[in-house]
Protein chains: 2
Amino acid sequence: MARRAGVSPALVSYVLNDGPRPVSAAARERVLAAVHELGYRPDGLARSLRVGRTSTLGLVVPDAVNPFFGELAHAVEDAAFGIGYAVMVCNSADSSARERTYVTSLAERRIDGLILASTSEETDLSDLTDLAIPVIALDRAPDAAPISTIRVENATGAYLGTRHLVEHAHDRIAFVGGPDTGVSTLRREGYLHALQEAGRPPWRELRTSAFTLAAGADIANELLAGDAPTAVMVASEVQAIGLVTGLGRLGARVPGDIAVVAMDGTAAGAHASPRLTTVAQPIRRMAEMAVTHLVRSPARVVHEALHGDLVVRESCGCPARS
Amino acid sequence: MARRAGVSPALVSYVLNDGPRPVSAAARERVLAAVHELGYRPDGLARSLRVGRTSTLGLVVPDAVNPFFGELAHAVEDAAFGIGYAVMVCNSADSSARERTYVTSLAERRIDGLILASTSEETDLSDLTDLAIPVIALDRAPDAAPISTIRVENATGAYLGTRHLVEHAHDRIAFVGGPDTGVSTLRREGYLHALQEAGRPPWRELRTSAFTLAAGADIANELLAGDAPTAVMVASEVQAIGLVTGLGRLGARVPGDIAVVAMDGTAAGAHASPRLTTVAQPIRRMAEMAVTHLVRSPARVVHEALHGDLVVRESCGCPARS
DNA sequence: TTGAAAGCGCTAACAA
DNA sequence: TTGTTAGCGCTTTCAA
């Protein structure tokens, strides 16, 4: 390439990167002409190898088909794109083996930072930390390892949602959680707290096998068995949407027969039928914080707990609003 | 690293890659010990630079939050993971500028192949083709450029769905398409074909502003205006789910007041309320074909048109089945 | 303002 | 079976 333009490789670099040395207009011209003529495409691998930076971030989520993680991934990508970073999104499919493999693979690819939204609490991050690649964990308790964390106030969120159900004068309020993860546990605590504060007993506590539509639908039977609750706090929107469908199939209407409040705040919840009353996570803000932190101040370890807002719509039985 | 183990760098490579030369047990031992002790992590960038391969594929979709593309991305990732490849998923957000930027960025990163699910018909792929990086396009008409394509039989699919509505004895069947893309156009043709065959006139043809829940919901008003149809063929499931919500908000029930058939076949459609009758795309098969082709026989240009199957559920008015 | 050259970490051809 | 070495394509220091 440099030969073709009749200049040194250094010159080509100066021109393409606008620096760090100045280049005469004539030389620049020649380089640009050759670039164009040869269809020259700079090799990012060689560049990254040399400068020790890939401008790539990793994102590991359990399942990007879950609208919450889908929107999160989208938001992370937007934030990264805005500052010239690309992101590799990896679905661990709730398998810690697969998660491990991805962490290793991302480390090998020398990503500049990882955003980890993991189901498992115990992920081996030594591949990353040994290379001094910063990690920021989403929705995880502060680890033994000194990594930054960002999460929503899970307990408070579920408390808010449950309290809304209490205010609807329900006294048989159930809880539907997911697989036994920290998130699910914390949300359950918020639920219990709200009930306790209101002097009501927990009515029924169920957990689905996964955070999916199918799992949510499958649990409808169990929820309705025997002394059925009149309201339910659901740990996530996917589950809630699935549950509503499952209930409908059994002839139970939402909110008429059973009121539902969920957590997450995705578009899927807003457009479900009925529209879900939900505790919305500040998804875009979380994504921006994570990306910014990783890129700007990776060394500093921070722990952010963000507030989730109750968004009242139809599924709780409130009169429809626009 | 090599020094630390008291061996040559070549030996380290032989041990870590199991070849191409044999290594004595003693040497292997020493290398492995040093690897462990130093927390050595091989640099994939250097390796890729050397071997001319990154074991990474690119995937560009308009919007991975759309369940169809979300599931597609997931399926592509699964297929790639199975053969040791990673994938960079990029959302073009229906912006051809952003799509361009991503194509260039992926080319710079020297991906081994690109799967392109683009809305725009005219994407400049010279960055890729100049580097001899194979591209396979999803849902696109054979291009001027000789790139492989995989798609579902769009017209046939919509024809199948519409014919089902005809068999339900509807004679006021509308069509809801999306932004003016090839996909939307082909599906409309299938719709028109089915009506023509049945000797019925198209009743109303609408198009949403985007393939999103919100856009689907927004068009409900227009669909119901004046002489409302009794059935509607919708070009995609996101739109259909949004539409059902929108209709419900206006007091129209599906399928009672208006029957709906959609296309895509995602989990979201299966768990919507009512469950969507839909023409299902063979998502996993498309993903596997794309990945396999890119990795195994990138040089051969193929054009596959896959069949979509009508999946009868509730939204068309058929008696509920399990 | 430009050129020469070192070196990022790896693999593979060649030599021993 | 192992060591030496060139070189993948880039950036950047140093010298001119």
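Here is the naming used below: chain letters follow the sequence lines, and residue numbers restart at 1 for every chain.
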> Do the side-chain N or O atoms of Arg21(A) get closer than 4.0 angstrom to the phosphate oxygens (OP1, OP2) of dT1(C)?
Replying inline: no
> Which nucleotide in the set dT11(D), dA12(C), dT2(C) lies at the smallest distance from any side-chain heavy atom of Ala27(A)?
Replying inline: dT2(C)
> Can you check whether Ser24(A) has a side-chain N or O nearer than 4.0 Å to OP1 or OP2 of dT2(C)?
Replying inline: yes
> Nearest nucleotide by nearest heavy atom, which residue falls closer to the 5' end of DNA chain C, Pro22(A) or Leu16(B)?
Replying inline: Pro22(A)
> In whole angstroms, how far is the P atom of dG9(C) from the CG atom of Leu45(B)?
Replying inline: 11 Å
>> Let's see if you can work this out: which of dT11(D), dT2(C), dT11(C) has an atom nearest to the side-chain heavy atoms of Val51(B)?
In response: dT11(C)
>> Measuring from the side chain of Val7(B) (C-beta onward, heavy atoms only), which nucleotide among dG3(C), dG9(D), dG3(D) has the closest atom?
In response: dG3(D)
> Counting side-chain heavy atoms from C-beta on, which of dG9(D), dA12(C), dC10(D) comes nearest to Tyr40(A)?
Replying inline: dC10(D)
> Which atom pair, heavy atoms only, marks the closest approach of Leu45(B) to Ser48(A)?
Replying inline: CD1-CB, 3.8 Å
>> In this structure, how many angstroms lie between the P atom of dC8(D) and the CZ atom of Arg41(A), rounded?
In response: 20 Å
> Is atom CZ of Arg100(A) surrounded by more than 12 heavy atoms (other residues, nucleotides or ligands) closer than 6.0 Å?
Replying inline: yes
> Between atom CZ in Arg109(B) and atom P in dC10(D), what is the gap in whole Å?
Replying inline: 15 Å
>> Heavy atoms from C-beta onward define the side chain here; which of dA4(C), dT11(C), dG9(C) lies closest to that of Ala10(A)?
In response: dA4(C)
>> Whole angstroms only, please: what is the CG-P distance between Asp18(B) and dA12(C)?
In response: 13 Å
> Can you name the one residue among Asp130(A), Asp124(A), Thr123(A) that meets side chain to side chain donor-acceptor pair (under 3.5 Å) with Ser126(A)?
Replying inline: Asp124(A)
>> What is the distance, to the nearest angstrom, from the CG atom on Leu49(A) to the P atom on dC8(D)?
In response: 13 Å
> Which residue, Arg110(B) or Ala25(B), contacts DNA chain D at a nucleotide closer to its 5' end, judged by nearest heavy atom?
Replying inline: Ala25(B)
> Rounded to the nearest Å, what distance is computed from the CG atom of residue Asn17(A) to the C1' atom of nucleotide dC10(D)?
Replying inline: 9 Å
>> On DNA chain D, does the nearest nucleotide to Arg50(B) precede the nearest nucleotide to Leu11(B) from the 5' side, or the other way round? Give the residue.
In response: Leu11(B)
Can you give the donor-acceptor pairs under 3.5 Å from side chains of residues 62-72 of chain A to other protein atoms, not counting sequence neighbours?
| from | atom 1 | to | atom 2 | distance (Å) |
| --- | --- | --- | --- | --- |
| Asp63(A) | OD1 | Val65(A) | N | 2.9 |
| Asn66(A) | OD1 | Phe68(A) | N | 2.9 |
| Glu71(A) | OE2 | Ala267(A) | N | 2.8 |

>> Counting only side-chain nitrogens and oxygens, does Tyr14(A) get under 4.0 Å of the OP1 or OP2 atom of dC10(D)?
In response: no
> To the nearest angstrom, how far is Glu108(B) atom CD from dT11(D) atom P?
Replying inline: 10 Å
>> Could you tell me if the side chain of His293(B) sits less than 4.5 Å from the side chain of Glu304(B), heavy atoms only?
In response: no
